[in-house]
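Okay, handing you the structure first.
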2 protein chains.
Amino acid sequence: MSRVYERVALIGLGLIASSMAHAMRAQGLAGHIAGHAKTAESRQAALDIGFCDTVHSTAAEAVADADLVVLAVPVGAMGEVAAEIAPYLKPGCTVTDVGSVKGAVVEAVAPQVPQGVQFIPGHPMAGTEYSGPHSGFAALFRNRWWLLTPLEGTDPAALDRLRRLVEGLGAKVDTMEVAHHDLVVAVVSHAPHLIAYTMVGVADHMRRVSSSEIIQYSAAGFRDFTRIAASDPTMWRDVFLTNREAVLDILGRFNEELFMLQRAIRMGDGEQLHAYFTRTRAIRRGIIEAGQDTAAPDFGRVGDSVRKD
Amino acid sequence: MSRVYERVALIGLGLIASSMAHAMRAQGLAGHIAGHAKTAESRQAALDIGFCDTVHSTAAEAVADADLVVLAVPVGAMGEVAAEIAPYLKPGCTVTDVGSVKGAVVEAVAPQVPQGVQFIPGHPMAGTEYSGPHSGFAALFRNRWWLLTPLEGTDPAALDRLRRLVEGLGAKVDTMEVAHHDLVVAVVSHAPHLIAYTMVGVADHMRRVSSSEIIQYSAAGFRDFTRIAASDPTMWRDVFLTNREAVLDILGRFNEELFMLQRAIRMGDGEQLHAYFTRTRAIRRGIIEAGQDTAAPDFGRVGDSVRKD
Ligand SMILES: NC(=O)c1ccc[n+]([C@@H]2O[C@H](COP(=O)([O-])OP(=O)(O)OC[C@H]3O[C@@H](n4cnc5c(N)ncnc54)[C@H](OP(=O)(O)O)[C@@H]3O)[C@@H](O)[C@H]2O)c1
Ligand SMILES: NC(=O)c1ccc[n+]([C@@H]2O[C@H](COP(=O)([O-])OP(=O)(O)OC[C@H]3O[C@@H](n4cnc5c(N)ncnc54)[C@H](OP(=O)(O)O)[C@@H]3O)[C@@H](O)[C@H]2O)c1
């Protein structure tokens with residue numbers, strides 16, 4: 001793989017940024033990687049791990065002379081960061097972001113981007129439940145989708161170059177309208193996360209079932225929810241606050257369906273339950289056939305794989 | 001490991017029964033394994049795979065002379081099977097079951113068990129999203145909990161012997177009151193399953209997001225729900241119909257919490273969301289420390305592990 005950008009600046013040095021840096025290094029996609037994070041601790045960690053060539057105490061310094069600037073901070077911090085760096089952006093450079101919500105980021109960032117700078121919003125559909133500079137690894141994006149939501153008037157050459165970088169990271173690129181993106185992720189990511197948080201919260205509040213029982217017997221289904229509900233609170237607070245409408249829309253539908261199933265349980269309507277559970281199976285088959293998950297039973301976690309002793 | 005029962009009869013030859021058979025074989029826990037399933041197809045499969053020594057076309061024949069009879073059929077079929085085998089049970093033998101609900105099984109089975117036969121209800125807290133005779137494997141129960149809910153008057157020697165078998169399968173045994181069992185599993189298993197089914201159903205019904213988009217982008221959280229929602233419809237219909245009260249109790253609490261979080265999103269109450277998401281993290285930590293799940297990011301599914309190409 002050959003160099004795509006001479007100088008890349010990463011603003012935010014957490015899971016996504018550090019994974020990008022590791023993969024850019026491994027593939028030789030960037031000549032120089034400059035970084036900035038809010039705390040001195042994270043900046044030092046980036047230097048210690050070694051995924052940045054230089055680390056800067058302000059975002060303004062980090063973006064100086066960069067050909068690509070990646071905003072990899074929580075969605076709620078994008079506007080503030082954009083305002084800070086705007087005066088220091090090199091003419092002709094590209095700014096992208098990796099936020100999980102696109103509408104709110106476009107609203108907060110686009111008006112601040114100076115003439116002559118390309119802003120191309122993006123969203124890597126990859127992640128884990130961990131965060132911070134120590135959580136990154138080069139394979140994170142491999143075979144995953146990276147959605148770009150280019151705005152009107154985007155320079156095709158700049159878009160093409162960013163696409164080459166993202167593909168170099170191992171991801172598959174798709175482009176999408178901003179609003180449609182926010183609806184899609186509300187279904188496949190945001191609503192499932194809120195529901196997982198809720199279920200874990202319910203278990204946490206039970207008085208008649210002790211938390212040691214919940215922990216011991218979690219393998220029965222609940223532990224999958226706990227993994228999702230272990231994700232970074234700041235990131236997810238920002239996601240729900242900024243993709244509010246789409247999330248509330250999906251949750252409204254969820255409530256309707258859940259009430260229908262609750263009613264079927266109460267009425268003893270086994271046929272309705274059986275028919276519903278049969279339909280949902282087909283989606284799983286599609287996901288496995290599309291190579292988006294493993295077909296191994298229980299994600300391959302069975303038996304020894306999970307033992308600690 | 002030495003032989004615990006001379007002759008074991010498995011009624012039902014699906015995931016749980018076939019996994020038990022494989023593990024009993026591997027550990028030499030049973031002298032002879034007799035089996036029965038409803039369809040000739042499953043009975044033939046058990047013979048072809050070879051996890052039964054003999055297969056019988058009726059449950060009555062299968063239990064003849066057995067020292068341990070394991071009812072491994074859907075919860076809704078337990079009563080009918082118990083009625084069929086009752087006259088043929090060997091005096092002094094033990095009957096156990098592996099149903100996911102205990103109250104309803106005890107109600108359906110206990111009254112039919114003849115004097116001189118021990119009925120000890122049980123529930124292995126282990127499973128996958130697959131079912132049928134081909135889905136079993138010996139390691140399924142390894143390091144997993146197997147709950148026994150002995151009734152009043154159970155012979156301690158019979159209980160001890162069953163415990164030895166279950167431990168021989170690799171599981172850890174705990175005993176519990178029937179009603180408490182049903183509440184615990186409603187929290188850690190039944191409610192999470194219904195919620196997963198519901199979320200997958202919602203996605204399936206969306207018109208503005210195509211199912212190919214849902215499948216493609218499922219890695220963002222949704223695919224964990226689809227795995228759970230791919231479980232056997234008959235088994236789960238029976239679970240919800242027979243553990244109705246505990247499940248509706250938990251779902252009621254779930255609705256309350258979800259409404260509270262929806263309201264926080266609508267009102268833009270970031271502090272409440274952040275505090276909620278921070279608390280739920282602790283439970284995940286407990287589960288990993290208890291050895292009940294892997295700490296590997298995203299269950300270790302990242303990058304290549306899921307690639308098909
Ligand atoms: N995690 C996922 O699964 C995932 C997936 C796709 C997209 N995303 C998106 O990617 C972005 C980053 O997520 P992440 O998982 O990488 O988060 P993370 O691991 O928590 O890292 C966030 C980084 O942003 C920095 N930061 C926060 N506020 C800042 C500010 N005002 N100025 C400068 N730096 C600031 C933090 O610095 P300190 O460490 O010094 O606090 C940290 O380095 C978010 O917008 C998220 O929505 C996440
Ligand atoms: N799967 C799990 O995750 C899990 C975990 C713990 C406990 N359990 C419990 O274990 C039990 C069995 O579940 P499983 O996953 O092993 O199910 P499974 O793979 O679907 O197998 C069920 C078996 O029961 C047989 N069967 C159904 N009705 C019958 C009848 N009237 N007479 C005789 N055989 C009959 C079926 O025969 P055919 O194949 O011929 O139809 C099949 O062999 C259920 O009570 C379930 O609640 C399941």
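No experiment lies behind these values; they were computed from the predicted model shown.
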Proximal component of B:Glu245, with respect to chain A [non-hydrogen, under 4.5 Å] = neither

Considering only heavy atoms, which portion of B:Ser211 lies under 4.5 Å from any heavy atom of chain A: side chain, backbone, both, or neither?
-> neither

Counting only heavy atoms closer than 4.5 Å, note whether B:His190 contacts chain A via side chain, backbone, both or neither.
-> neither

Chain B contact via A:Ala295 - side chain, backbone, both or neither, heavy atoms under 4.5 Å =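 Both parts, heavy atoms under 4.5 Å.
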
Go through A:Arg227 and B:Asp293 one step at a time and tell me if the salt bridge (charged side-chain N to carboxylate O under 4.0 Å, His left out) criterion holds.
-> CA-CA 9 Å; A:Arg227 187 191 71 81; B:Asp293 202 358; over 6 Å; no

Quick one: what part of B:Val185 sits under 4.5 Å from any heavy atom of chain A, side chain, backbone, both or neither?
-> neither

Is it the side chain or the backbone of B:Asp249 that comes within 4.5 Å of chain A heavy atoms, both, or neither?
-> side chain

Check salt bridge (charged side-chain N to carboxylate O under 4.0 Å, His left out) between A:Asp238 and all other residues, then give those that pass, not counting sequence neighbours.
->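 By the salt bridge (charged side-chain N to carboxylate O under 4.0 Å, His left out) rule, A:Asp238 matches no residue at all.
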
Select, from A:Gln272, A:Arg253, A:Gln262, the one with the greatest count of heavy-atom pairs under 4.5 Å involving chain B.
->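 Going by pairs under 4.5 Å, I would pick A:Gln262.
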
Does any heavy atom of chain A fall under 4.5 Å from the side chain of B:Arg285, the backbone, both, or neither of them?
-> neither

With only heavy atoms counted, which part of B:His193 is less than 4.5 Å from chain A, the side chain, the backbone, both or neither?
->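 Contact with chain A is through the side chain of B:His193 alone.
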
Is the A:Tyr217 ring parallel, tilted or perpendicular to the B:Trp145 ring (thresholds 30°, 60°)?
-> perpendicular

Using non-hydrogen atoms only, which part of B:Tyr130 is less than 4.5 Å away from chain A: side chain, backbone, both, or neither?
->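 The side chain, not the backbone.
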
Chain A contact via B:Phe259 - which portion, at a heavy-atom distance below 4.5 Å |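 It is the side chain, since no backbone atom gets that close.
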
Where on B:Ser231 is there a heavy atom nearer than 4.5 Å to chain A: the side chain, the backbone, both, or neither?
-> backbone

Between B:Asp269 and A:Leu241, what is the shortest heavy-atom contact and its length?
->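 Residues B:Asp269 and A:Leu241, closest heavy atoms: N-CD2, 4.2 Å.
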
Tell me, side chain or backbone of B:Ile228 under 4.5 Å from chain A's heavy atoms, or both, or neither?
-> side chain

Counting only heavy atoms closer than 4.5 Å, note whether B:Ala275 contacts chain A via side chain, backbone, both or neither.
->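 Neither part; nothing is under 4.5 Å.
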
Using non-hydrogen atoms and a 4.5 Å limit, figure out which bit of A:Gln216 sits close to chain B: side chain, backbone, both or neither.
->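 Both parts, backbone and side chain.
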
Please examine the side chains of A:Glu213 and B:Met176, heavy atoms only from C-beta on, and report whether any two atoms are closer than 4.5 Å.
-> yes

Nearest atoms (heavy-atom pairs only) where A:Ala230 meets B:Arg281 | O-NE, 2.9 Å

Parallel under 30°, tilted from 30 to 60°, perpendicular over 60°: which one fits the rings of A:Tyr197 and B:Phe277?
->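 Ring orientation, 0 to 90° scale: parallel.
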
Looking only at heavy atoms, what is the nearest atom pair of A:Ile215 and B:Gly286, with distance?
->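 A:Ile215 and B:Gly286 have their closest heavy atoms at CG2-O, 3.4 Å.
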
